[in-house]
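What you see is a predicted model; the values in this text were computed from it and never measured.
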Amino acid sequence: MVKIIGVRFRNAGKVYYFDPKSYEIHSGDHVIVETARGIEYGTAIGGVREVEDDKVVPPLKEVIRMATEEDDVHALRNREKEREAMRICKEKIQKHGLEMKLIDAEYTFDNNKVLFYFTADGRIDFRELVKDLAAVFRTRIELRQVGVRDETKLLGGVGICGRVLCCHSYLSDFAPVSIRMAKEQNLSLNPTKISGVCGRLMCCLKNEEETYEYLNARLPGQGDTVTTADGRTGVVQNINVLRQRVKVLFEEGEEKELEEFDVADLNFRPRRRKEKGGKGKDREKDKDKDRDKDREKEGRRSRYGKAETQEEKELRELEAMERKEGKSKHQNN
């Protein structure tokens with residue numbers, strides 16, 4: 001076992017592990033540590049604890065010291081300097097006529113580097129911009145292009161639920177999100193209802209994915225044939241996933257009867273639940289199936305001469321953006 005302390009450098013940022021040495025560090029304390037970017041001022045998360053050796057990537061860097069009042073003042077001064085750096089950088093971007101949107105500026109604690117975060121539709125040649133900025137700040141300059149999700153995480157905001165955005169308040173990493181998750185949860189496939197402030201699929205779709213997968217695996221599909229305890233056979237018309245209730249339609253001649261049953265009172269072949277070990281392959285298969293269905297829909301529209309609705313077009317574009325971002329992130333890693 002090895003003692004570690006988790007340290008976070010930005011609000012809702014990633015947590016990095018350090019060796020606390022002999023310091024008594026509690027959650028919320030400020031510490032000075034050394035990172036790949038240089039000396040940094042961070043906030044301790046959760047206090048000192050022990051973890052297994054294989055949970056830590058060696059070598060584990062040590063905490064240099066507990067932050068002093070002077071360090072706190074210096075960190076606040078850096079925040080003020082970042083606002084001025086934003087103003088200057090925006091002016092330089094306009095001067096060079098670059099198609100990029102500046103999101104944030106960040107000074108390292110030792111002021112050896114200034115980082116500027118921006119978004120852009122494509123690659124940007126900012127070599128001349130870096131030269132201008134280096135002449136003004138007289139320190140190392142780094143420009144980082146981020147995606148729309150990262151932009152929203154940095155800027156923050158309020159979601160349609162009325163709460164502060166998950167990515168800005170507590171979400172350290174972005175989990176892969178797909179249209180399949182919305183379908184699994186029987187949500188409206190209207191892009192405006194399943195998209196977040198960033199214009200991409202809401203990250204919270206991931207929160208209940210496993211629960212819905214488990215509950216759906218215990219239920220028949222809509223249109224499936226089921227048998228009741230008294231031997232009657234009917235067709236599933238509606239499903240309540242959370243209550244685990246099923247509405248079944250029975251037909252006897254010209255008469256039709258709709259009854260609701262608890263899923264435990266019905267006999268049917270349950271859906272096969274995805275195993276955790278094969279989730280990656282299952283996701284790829286599901287994606288391929290979704291794409292095939294989309295192609296089939298487009299083929300039917302062309303055959304019958306029906307135009308694609310605006311909602312379907314927006315959903316297709318949203319899926320395309322999610323796949324594109326997923327590929328680029330995989331390539332960057």
Side-chain angles (χ1 to χ4, degrees), residues 8-14 36-37 40 78-108 113-134 136-137 139-160 163-179 191-192 194-206 313-333:
R8 182 174 279 162
F9 301 103
R10 296 183 71 88
N11 183 42
K14 288 184 179 180
R37 299 195 310 185
E40 290 283 9
N78 279 351
R79 301 291 86 79
E80 294 173 0
K81 290 169 67 176
E82 287 168 2
R83 287 193 286 270
E84 179 64 14
M86 282 279 289
R87 184 188 64 80
I88 293 172
C89 188
K90 284 180 179 179
E91 292 177 356
K92 297 296 182 182
I93 290 172
Q94 290 180 350
K95 173 186 172 184
H96 289 278
L98 297 174
E99 294 293 327
M100 55 192 288
K101 178 184 176 184
L102 187 65
I103 301 302
D104 196 14
E106 180 185 5
Y107 267 92
T108 56
K113 185 191 293 185
V114 187
L115 296 95
F116 294 98
Y117 301 89
F118 71 94
T119 58
D121 291 334
R123 297 181 66 86
I124 301 291
D125 184 0
F126 46 70
R127 286 174 291 183
E128 294 302 320
L129 173 63
V130 171
K131 290 178 183 177
D132 272 7
L133 293 173
V136 173
F137 297 105
T139 188
R140 292 174 60 194
I141 303 295
E142 183 177 329
L143 272 76
R144 287 189 182 179
Q145 185 171 355
V146 298
V148 290
R149 290 189 192 272
D150 298 293
E151 175 188 359
T152 307
K153 181 180 179 69
L154 288 169
L155 297 179
V158 177
I160 57 173
R163 297 175 63 90
V164 176
L165 297 175
C166 299
C167 60
H168 185 69
S169 57
Y170 75 91
L171 202 62
S172 299
D173 296 303
F174 292 110
V177 189
S178 68
I179 296 290
T192 59
I194 58 175
S195 300
V197 175
C198 59
R200 299 293 185 268
L201 291 172
M202 293 188 294
C203 295
C204 57
L205 290 175
K206 179 71 176 176
K313 182 181 178 183
E314 289 176 0
L315 187 63
R316 181 168 52 80
E317 290 174 351
L318 186 59
E319 283 183 297
M321 285 189 288
E322 290 289 342
R323 287 198 292 269
K324 183 179 178 182
E325 285 192 358
K327 285 181 180 177
S328 63
K329 191 172 287 187
H330 178 71
Q331 290 167 356
N332 290 337
N333 291 340

Within this structure, what is the SG-CG distance for the pair Cys204 and Leu171, rounded to the nearest 0.5 Å?
10.0 Å
Among residues at least two apart in sequence or on other chains, which ones pass side chain to side chain donor-acceptor pair (under 3.5 Å) with Asn78?
Asn111
Using every non-hydrogen atom in the two residues, find where Pro176 and Lys206 come nearest and quote the distance to one decimal.
O-CD, 4.0 Å
Any Leu129 side-chain heavy atom under 4.5 Å of Ile141 side chain
no
Side chains of Tyr117 and Leu154: does their closest heavy-atom pair fall under 4.5 Å?
yes
Under the side chain to side chain donor-acceptor pair (under 3.5 Å) test, residues paired with Arg163 that sit two or more places apart
none
Mind checking whether Ile103 and Leu155 have side chains closer than 4.5 Å, heavy atoms only?
yes
Can you tell if the side chain of Cys166 reaches within under 4.5 Å of the side chain of Met202, non-hydrogen atoms only?
no
Point-to-point distance, once rounded to the nearest 0.5 Å, from CZ of Phe126 to CZ of Phe116
12.0 Å
Counterpart residues, salt bridge (Lys or Arg N to Asp or Glu O under 4.0 Å), relative to Arg140 (two or more places apart)
none
Just by modelled atom types, is the Asp104 backbone N or O under 3.5 Å from a matching donor or acceptor in the Glu82 side chain?
no
Using every non-hydrogen atom in the two residues, find where Ser178 and Leu205 come nearest and quote the distance to one decimal.
O-CD1, 4.5 Å
Glu128/Lys131 ion pair, N-O < 4.0 Å:
yes
What distance separates Ser172 OG from Lys153 NZ, expressed to the nearest 0.5 Å?
6.0 Å
For residues 90-98, please give each side-chain donor-acceptor pair under 3.5 Å, one per line with the distance, not counting sequence neighbours.
from: Glu91; atom 1: OE2; to: Arg87; atom 2: NH1; distance (Å): 2.8
from: Lys95; atom 1: NZ; to: Asp132; atom 2: OD2; distance (Å): 3.4
from: His96; atom 1: NE2; to: Asp132; atom 2: OD2; distance (Å): 2.8

With sequence neighbours excluded, tell me which residues meet side chain to side chain donor-acceptor pair (under 3.5 Å) with Thr108.
Asp110
Any side-chain heavy-atom pair of Ile124 and Leu143 under 4.5 Å:
no
List for me each residue that meets side chain to side chain donor-acceptor pair (under 3.5 Å) alongside Glu142, sequence neighbours excluded, and say none if there are none.
Lys113, Arg144
So does Arg79 have more than 12 non-hydrogen atoms from other groups sitting under 6.0 Å from CZ?
yes
Measure the shortest side-chain to side-chain distance between Phe118 and Gln145 over non-hydrogen atoms and say whether it is less than 4.5 angstrom.
yes
In the structure I gave you, are the side-chain heavy atoms of Asp121 and Glu99 within less than 4.5 Å of one another anywhere?
no
Note: Asp125-Arg123 ion pair, threshold 4.0 Å (strictly below)
no
Could you tell me if the side chain of Asp173 sits less than 4.5 Å from the side chain of Lys14, heavy atoms only?
yes
Do you know the tightest heavy-atom contact between Arg8 and Arg10?
CG-O, 3.0 Å
